[in-house]
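Worksheet: the structure to be examined is printed underneath.
A, B, ... follow the sequence lines: proteins, then strands. Residue 1 opens every chain. When reading the values below, keep in mind they use all heavy atoms of this one structure, side chains included, and skip hydrogens, waters and symmetry mates. Quick caveat: nothing in here was measured; it's all calculated off a predicted structure.
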2 protein chains.
Amino acid sequence: MNITRAWEILKENGFKKTDKRELILTMFGETEKYLTARDLLSVLKKDFPGMSYDTIYRNLSTFVDLGILEETELNGERNFRMQCESEHHHHHFICMECGNVKEIEICPMEMLSERLPGYEVESHKFEIYGKCSSCA
Amino acid sequence: MNITRAWEILKENGFKKTDKRELILTMFGETEKYLTARDLLSVLKKDFPGMSYDTIYRNLSTFVDLGILEETELNGERNFRMQCESEHHHHHFICMECGNVKEIEICPMEMLSERLPGYEVESHKFEIYGKCSSCA
DNA sequence: AATGTAAATCGTAATGATTATGAATTAGAA
DNA sequence: TTCTAATTCATAATCATTACGATTTACATT
């Protein structure tokens, strides 16, 4: 996902172009790591001292709903990052040291669905945590 | 994990036998579902009106540390349940309707470690959510 | 059984993340 | 330029969780 595409999606869904959204998207565009609401606010405060959590969280929710961002929970905090370009379903290795994310191409559900007769699978979560090659 | 074994572990580690712990363990012993701190308190308040979250959370942490309970995060809340008897590593299907839990014997990490050269895997999370056969 | 002491609990307050609200501002269409 | 709904601001409320000092309790020891 790139910023241009993000704006397209926003426009298609009737959302307006604001300087706050611009900055938030820019921040996500510049990193592949997961960011928290706090991460964003601490940076955005510099340009917009009046910026409030309301603005952050409201936009994060919008972006997740529109598939611009993806979300996960780490240490009891919601974390967000740009939705992956990869068109195919995949999972993540997350480095707990530097925050870098590596895509895992394999999905365990492929070989598992047949093992759950009668069960209706709605979603699943598969994430690996550890140290990336640079941090290890 | 049964309650008798839980008390053994507590005793081994120098923890005392209290009526609060007794009730908490009983609640977990009666269900295979995940419970939240709120779930516990709402029931325990009946027997101990003065019971506080401090007591609940302190004991939940203790139990998790000792391997008596296992923990997961669902909808932004910490959820706990009796640690599975199964001696071998496994994962869970969790029914979002009734809360029932089914053990998944397969672990995706087995066939994945070799695909992460240089990466140091510390932990992983694999959970499946949906409706169990009764609820589907 | 009485005593001593560390552990556990109580009552309550603090914290941290997230959500909500009403007033003021602004983007973008008309 | 004007209008209006969307957005933001400023602030407060909520919810889950953690912390703290005072009190009580389990249980080992005498």
(message) What is the separation between atom CG on B:Leu10 and atom P on D:dC27, rounded to the nearest whole Å?
(response) 11 Å
(message) Can you work out whether B:Lys20 or B:Gly14 has the more 5'-proximal nearest nucleotide on DNA chain C?
(response) B:Gly14
(message) How many whole angstroms separate atom CZ of A:Phe15 from atom C1' of D:dA5?
(response) 13 Å
(message) Using a 6.0 Å distance limit plus a 45 degree cone around the ring axis, check whether A:Lys125 lies over the aromatic ring of B:Tyr129.
(response) no
(message) Here's one to test your reading of the geometry: is the NZ or CZ of B:Lys131 within 45 degrees of the ring axis of A:Tyr119 and under 6.0 Å from its centre?
(response) no
(message) In whole Å, I'd like the distance from the CG atom of A:Asp65 to the P atom of C:dT19.
(response) 11 Å
(request) Give a yes or no on whether A:Val101 and B:Phe126 share a hydrophobic cluster (residues Ile, Leu, Val, Met, Phe, Trp, Tyr; joining criterion: side-chain heavy atoms under 4.5 Å apart). (result) no
(request) Starting from C1' on D:dT7, measure out to CG on A:Leu23 and report it in whole angstrom. (result) 15 Å
(request) List in chain and number order the residues that pass side-chain hydrogen bond (donor to acceptor under 3.5 Å, both in side chains) with A:Glu105, two or more places apart in sequence or in another chain; answer none if no residue qualifies. (result) A:His88
(request) Quick one: label A:Lys17 by what it contacts on the DNA or RNA (base, sugar-phosphate, nothing), any heavy atom closer than 4.0 Å. (result) sugar-phosphate
(request) Specify the separation, in whole Å, of atom CG of A:Asn75 and atom P of D:dT17. (result) 14 Å
(request) Residues of residues 38-64 of chain B with any non-hydrogen atom less than 4.0 angstrom from an atom of DNA chain D: list those, numerically ordered, please. (result) B:Arg38, B:Tyr53, B:Asp54, B:Tyr57
(message) Between C1' on D:dC15 and CZ on B:Arg78, what's the gap in Å once rounded to a whole number?
(response) 14 Å
(message) Looking only at the side chains, is there a donor atom on one of A:Asp39 and A:Thr36 sitting less than 3.5 Å from an acceptor on the other?
(response) yes
(message) Can you work out whether B:Lys16 or B:Gly76 has the more 5'-proximal nearest nucleotide on DNA chain D?
(response) B:Gly76
(message) Rounded to whole Å, please give me the gap between CD in B:Glu77 and C1' in C:dT19.
(response) 15 Å
(request) Please report, rounded to the nearest Å, how far the P atom of D:dA16 is from the CD atom of B:Glu71. (result) 15 Å
(message) Just N and O in the side chain of A:Thr18: are any of them under 4.0 Å from OP1 or OP2 of D:dT8?
(response) yes
(request) Check whether any side-chain nitrogen or oxygen of A:Arg21 sits under 4.0 Å from OP1 or OP2 of C:dT26, and answer yes or no. (result) no
(request) Check for a donor-acceptor pair, side chain of B:Lys45 on one end and backbone N or O of B:Gly50 on the other, with a separation under 3.5 Å. (result) no
(message) Under a 3.5 Å threshold, yes or no: a donor from one side chain and an acceptor from the other, between B:His91 and A:His124?
(response) no
